[in-house]
Amino acid sequence: MTIDMPTDEVLRDAVALACRAPSLHNSQPWQWIKQGESLDLFGDSDRILPSTDAFGRQMIISCGVALNHVQSAFAAVGWSTTVARIPNPNNAKHLARISFRRSPNISEPEVERAAAIARRRTDRLPLAEPADWATFEMVVRNILARYETDLAVLPTESRPELAKASELTAGIRRYDSMYQAELNWWSGHSGLAEGVPRDALVSRAEDRRVDVGRRFPALDTIERRGEIGEDRATIVVLMTRGESPQELLSCGEALSALLLEATIDGMATCPLTHITEIPQSRAIVRKLLGGKGFPQVIVRLGVAPKGTDQPPATLRKPLADVLEFRS
């Protein structure tokens, strides 16, 4: 029997696009293995940041984003995918197994979603408020209904409390030498295939205008987007009902769907996890959400002024380092 499988070239292209997924400090904690009739996704525990992500939650969420990205990449070139999540309970690193079949039709939304992967950036600068939020929210909630993840939109009056949680996180970690060393190792460098590059960071003045954001080493550069003033992005929280590997993986898939839909809609996005890394600040977020669920990822969604430069694409590791073909 002839097995209907994507060619190695299609596999490489799809995985390369999937690896545009955001991850904690651009650590890229995934490993792909093509073997037989399937493509397997593994978490790379060597790329867990022990001070920032002690329990590996963000590694799994990041891999979930890449998993959703790769499905979109395959769909855009005529391949339907079936995913077995956490297929081997005896191997915690084995997060997904993907099988394939030819899809007779390629829809325009599938092509748009794949194209959005390459356009999406993490925008840490101040953002204007999104237009027609009600329509966007309705569309996104319909899309996210397939994932084991809930979406909460924080009301404007909750923002000062969330900003306090963000500052609390920064305060607790100010004298955490391991965290600070990790942060400096993974940020502010140029020309590396991993980490947050210097040109993706913000100045001290810009940092002060974004009240909810991770405090990276600040730059001494010209202040941008002065016409916006204080950040007016809408803030949403993705939360899970539990914290099993499957739920965390699904949260990553939901995050991917949210980011790509926002990109298609012309929004700028900035996913944040620093507030959910510290128990004290995470408890504040959970209280703001009525004590239900486990907050995993906070996302700022807004609009960058017309005519402003888009943040540059961050580099990624060579494909040969993350994709292996086995006979």
Side-chain angles (χ1 to χ4, degrees), residues 9 12-32 42-53 58-59 61-63 65-66 69-70 73 114-127 170 173 176-207 210 213-225 252 255-256 259-260 263 268-274 277 300 304 307-324:
E9 181 180 4
R12 288 190 182 94
D13 288 346
V15 171
L17 195 56
C19 290
R20 295 302 315 166
S23 57
L24 177 62
H25 298 352
N26 191 28
S27 53
Q28 304 166 59
W30 40 67
Q31 190 71 36
W32 304 86
F42 293 82
D44 186 348
S45 56
D46 289 339
R47 305 193 74 77
I48 291 178
L49 281 63
S51 182
T52 310
D53 186 27
Q58 294 186 62
M59 181 200 72
I61 291 171
S62 297
C63 287
V65 181
H69 274 24
V70 86
I117 295 174
R119 297 200 314 273
R120 183 211 63 82
R121 303 284 190 272
T122 295
D123 193 327
R124 297 177 177 86
L125 288 167
L127 300 171
R173 283 179 156 166
D176 182 340
S177 58
M178 289 185 62
Y179 173 81
Q180 294 298 332
E182 202 168 76
L183 185 68
N184 281 281
W185 172 262
W186 286 96
S187 63
H189 309 293
S190 298
L192 300 182
E194 56 194 358
V196 181
R198 179 180 173 82
D199 55 11
L201 301 178
V202 299
S203 70
R204 288 175 174 81
E206 291 160 347
D207 184 62
V210 179
R214 190 189 290 275
R215 298 296 178 245
F216 284 97
L219 306 178
D220 291 316
T221 58
I222 297 173
E223 189 170 2
R224 296 160 288 182
R225 298 186 187 169
L255 175 58
S256 167
L259 296 177
L260 297 185
T263 302
T269 60
C270 183
L272 300 164
T273 55
H274 66 292
E277 293 162 3
R300 293 171 49 239
T308 58
D309 292 334
Q310 187 181 35
T314 54
L315 297 176
R316 293 295 188 267
K317 293 191 295 180
L319 190 60
D321 288 357
V322 296
L323 173 61
E324 178 183 350

Exercise for the section: Would you kindly say whether Ser203 and Arg224 are connected by a side-chain donor-acceptor distance under 3.5 Å? Expected result: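 The answer is no; no qualifying pair exists.
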Write down the atom of [X], the atom of [Y], and the distance for their closest heavy-atom approach.
X: Ala66; Y: Ala18; value: O-CB, 3.5 Å
X: Val196; Y: Ala200; value: CG1-CB, 4.0 Å
X: Ala114; Y: Leu17; value: O-CD2, 3.7 Å
X: Phe42; Y: Cys63; value: O-SG, 4.3 Å
X: Ala14; Y: Val70; value: O-CG2, 3.8 Å
X: Trp30; Y: Val322; value: O-CG1, 3.9 Å

Donor-acceptor check, side chain of [X] to backbone of [Y], threshold 3.5 angstrom: yes or no?
X: Arg316; Y: Cys19; result: yes
X: Arg198; Y: Ser190; result: no
X: Gln28; Y: Ala193; result: yes
X: His25; Y: Glu194; result: no
X: Asp53; Y: Gln58; result: yes

Any heavy-atom pair between the side chains of [Y] and [X] that's under 4.5 Å?
X: Arg12; Y: Trp32; value: no
X: Leu315; Y: Pro197; value: no
X: Thr122; Y: Arg120; value: yes
X: Thr52; Y: His274; value: no
X: Arg173; Y: Leu183; value: no
X: Arg47; Y: Met59; value: no

Practice task
Starting from the C-alpha separation in whole Å, work towards a yes-or-no answer on side-chain contact (heavy atoms from CB on, under 4.5 Å) for Ser45 and Ile48.
Solution key: CA-CA 5 Å; Ser45 56; Ile48 291 178; 4.2 Å; yes
Handout entry: The single option from Arg214, Arg124, Arg215 passing salt bridge (charged side-chain N to carboxylate O under 4.0 Å, His left out) against Asp207
Key =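 Testing Asp207 for a salt bridge (charged side-chain N to carboxylate O under 4.0 Å, His left out) against Arg214, Arg124, Arg215 leaves exactly one candidate, Arg215.
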Practice task
Apply side-chain contact (heavy atoms from CB on, under 4.5 Å) to Leu49 and Glu277, showing your working.
Solution key: CA-CA 12 Å; Leu49 281 63; Glu277 293 162 3; over 6 Å; no
Working to the nearest 0.5 angstrom, can you tell me the gap between [X] [atom1] and [Y] [atom2]?
X: Asp46; Y: Gln31; atom1: CG; atom2: CD; answer: 10.0 Å
X: Leu127; Y: Leu125; atom1: CG; atom2: CG; answer: 7.5 Å
X: Leu201; Y: Leu219; atom1: CG; atom2: CG; answer: 5.0 Å

Exercise for the section: Applying side-chain contact (heavy atoms from CB on, under 4.5 Å), run through Leu260 and Ile117 and close with a yes or a no. Expected result: CA-CA 6 Å; Leu260 297 185; Ile117 295 174; 3.7 Å; yes
